[in-house]
Amino acid sequence: MTLDVSTIIEILGTISFTISGVFSAMQKRLDIMGVIIIGFVTAIGGGTVRDVLIGNTPVSWMRNIDIPLIILVTAICTIIFKHYIKTFKVTLFLFDALGLGLFTIIGVQKGLSAGLHPAICVALGTITGCFGGVIRDILLNTIPLIFHKEIYASACIIGGSLYLLMLHVIDPALAKLMAVAVVCGIRIVAVRFGLKLPVS
Amino acid sequence: MTLDVSTIIEILGTISFTISGVFSAMQKRLDIMGVIIIGFVTAIGGGTVRDVLIGNTPVSWMRNIDIPLIILVTAICTIIFKHYIKTFKVTLFLFDALGLGLFTIIGVQKGLSAGLHPAICVALGTITGCFGGVIRDILLNTIPLIFHKEIYASACIIGGSLYLLMLHVIDPALAKLMAVAVVCGIRIVAVRFGLKLPVS
Amino acid sequence: MTLDVSTIIEILGTISFTISGVFSAMQKRLDIMGVIIIGFVTAIGGGTVRDVLIGNTPVSWMRNIDIPLIILVTAICTIIFKHYIKTFKVTLFLFDALGLGLFTIIGVQKGLSAGLHPAICVALGTITGCFGGVIRDILLNTIPLIFHKEIYASACIIGGSLYLLMLHVIDPALAKLMAVAVVCGIRIVAVRFGLKLPVS
């Protein structure tokens, strides 16, 4: 793992996804092992579903031991320092939004490498960003949040599509940066102003 | 995609599975994006689980962009014309039964191509037909309908087995047609007369 | 399938996992087909998730028809003789604990064959042992038992780690036997004395 900007954002995203899973699991009064497992699943679920769907196996986190290690340490620290960490709600939300953006673009890139149709690449990006939370909610026996709360999957779809459009026009690194910023920005605006998609 | 009879039935099946997903999701008051995602998952879930289990990746819908496109258009139309579409309840049920039959036989055929045991092929057919609905119900946080409502998986098992038996006796195209008719017929009779399997 | 000790334990484990699934499903008043499907999923779920994650497809039970056959016969017998089988609660629990131990070690071994990191191998062992029950509980719309009841996943992690440690020190067959005994022993002690992990 080389420590470039992408890697750092990926680590921050993984950390904040883990924390979100751990907090959700603690609210449901799971035991410590259950809490850690939910933390794991939230952080790696999206990428795992993506890898399984495109046949990229063994799935990513099995080939990079740093990721499970970061999740484990994060989960344990979150359990120990839960009262302290809670006070960083805004910081965590920002990490989460950043992670969502980066996970989305990583997913889109994996689709491109597999030679898939652009629309499928965007779908893979959305799956990578969102399905960790979906599996977390399934395991905690609630309807996945992303289906009825603030704009979530839509942010991934918009950011992912924009990334593909910009890729051929501007520098790829810049396109990536802007796409992450768009996903992240949509989430921040949506949560800040309580924007929701209409119920049909 | 060539427009032979199988393809037309597959499209009709995909459309009716999508509509069933969209209606279930709207009942649970999901937002528009949640409704569309549930529509997708209901339509492609069974085939996706089948492809993942036999290692046929990237899964089918990622290699045929027509399918996601049909689902997207269907989902949006269903949301817009929901009151109108509701009046076609019987038509939709017939499409659904047809789709179930065809999806089952497609699953059996994929198993045969993979050189699997006949019983496993029937299982794959049943998974292809039923698991879209199972995943829909998991995401909507209810016990899957097929486990406690009118005969569903049983219709797939009977139709799939019959297909395998007939395959070596009569013309394959005819065997397919008859097997689809059997699955479809069992479903229609079961729903018409409210037949359920006994609770054990 | 040669009938060595491992195979016999695997069969006993499969049988007891199936019975646990069938009993859970009957409590939820599913129909007979639903009960049989839940029995299947409980018995093969863990190994299936493991195989899918490492790309070992078609998944194991599709390549060894004996396993589905054993599950089917077990499920039907359990439905017929439910009142009789209930009286063997302790025996069943012991089979279940044995099965958990063996499934765990099988999972670790699959990880080793795939050349994965030791920690990932332990994770695969835990998934193999636990995820059948997790999927059973998801389908039955409850929070997975293993997240809030007696020590379960922890037993797999301890036993799996011990197996890896012992593998290079003592005879592999002996290491396996001892690891299975450890998982099994932890489960028995935990349930006998109602030991739970703390809620965080």
Side-chain angles (χ1 to χ4, degrees), chain A residues 21-41 44-45 47-72 75-83 85 134-144, chain C residues 48-59 107-108 110-127 129-131 133-158 186 190 194-200:
Chain A
V22 165
F23 274 118
S24 305
M26 288 195 293
Q27 275 172 19
K28 290 267 180 173
R29 313 283 306 151
L30 302 197
D31 68 29
I32 283 184
M33 185 56 63
V35 167
I36 293 174
I37 293 176
I38 300 283
F40 252 98
V41 166
I44 53 97
T48 301
V49 172
R50 176 203 64 216
D51 286 344
V52 165
L53 291 178
I54 61 176
N56 180 24
T57 52
V59 297
S60 310
W61 60 271
M62 294 194 170
R63 287 171 296 169
N64 179 2
I65 194 69
D66 293 334
I67 294 293
L69 206 68
I70 289 169
I71 296 172
L72 185 64
I76 292 173
C77 290
T78 308
I79 293 172
I80 297 175
F81 302 111
K82 56 187 168 185
H83 299 294
I85 289 174
V134 170
I135 301 178
R136 174 199 63 208
D137 293 342
I138 290 175
L139 289 174
L140 295 177
N141 201 25
T142 55
I143 294 186
Chain C
T48 301
V49 172
R50 175 204 64 216
D51 285 345
V52 165
L53 291 179
I54 61 176
N56 181 24
T57 51
V59 297
V108 174
K110 297 253 179 181
L112 289 174
S113 314
L116 297 169
H117 187 282
I120 302 299
C121 295
V122 173
L124 281 173
T126 309
I127 289 170
C130 298
F131 268 57
V134 169
I135 300 177
R136 174 199 64 208
D137 293 342
I138 290 175
L139 289 175
L140 295 177
N141 200 23
T142 54
I143 293 185
L145 269 185
I146 73 151
F147 294 159
H148 56 100
K149 286 274 284 187
E150 296 95 0
I151 289 156
Y152 208 96
S154 320
C156 303
I157 294 173
I158 294 169
I186 294 176
L195 301 183
K196 295 187 181 196
L197 289 177
V199 170
S200 54

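Chain identifiers are assigned alphabetically (A, B, ...) following the order of the sequence lines, protein sequences preceding nucleic acid strands; residue numbering begins at 1 within each chain.
Using a 4.5 Å cut-off between heavy atoms, C/Leu53 contacts chain A through both its backbone and its side chain. With a threshold of 4.5 angstrom between heavy atoms, A/Ile37 approaches chain C through side-chain atoms but not through N, CA, C or O. Proximity to chain C is limited to the side chain of A/Ile38, based on heavy atoms less than 4.5 angstrom apart. Only the backbone of C/Thr142 comes within less than 4.5 Å of a heavy atom of chain A; no side-chain atom from C-beta onward does. The contact between A/Ile79 and chain C is made entirely by side chain atoms (from C-beta outward), counting heavy-atom distances below 4.5 Å.
Shown here for C/Leu197 and A/Met33, the closest heavy-atom pair between the two residues is CD1-CB, 3.4 Å. C/Ala153 and C/Cys130 get closest at one heavy-atom pair: CA-SG, 3.8 Å. Heavy atoms only, all atoms of each residue included: A/Val22 and A/Thr78 are closest at CG1-CG2, 3.6 Å. Minimum heavy-atom separation, A/Asp137 to A/Pro144: OD2-CA, 3.3 Å.
Interface check for chain C: of the options A/Asn56, A/Asp51, A/Ile65, A/Val52, the most heavy-atom pairs under 4.5 Å are formed by A/Ile65. Of the listed residues C/Ile143, C/Ile151, C/Ile138, C/Leu124, the one with more heavy-atom pairs under 4.5 angstrom with chain A than any other is C/Ile143.
By the 4.5 Å heavy-atom criterion applied to side chains, A/Ile44 and A/Val59 are not counted as neighbours.
The side-chain contact (heavy atoms from CB on, under 4.5 Å) with A/Val35 is formed by just one residue from the set A/Met26, A/Arg29, A/Lys82; it is A/Met26.
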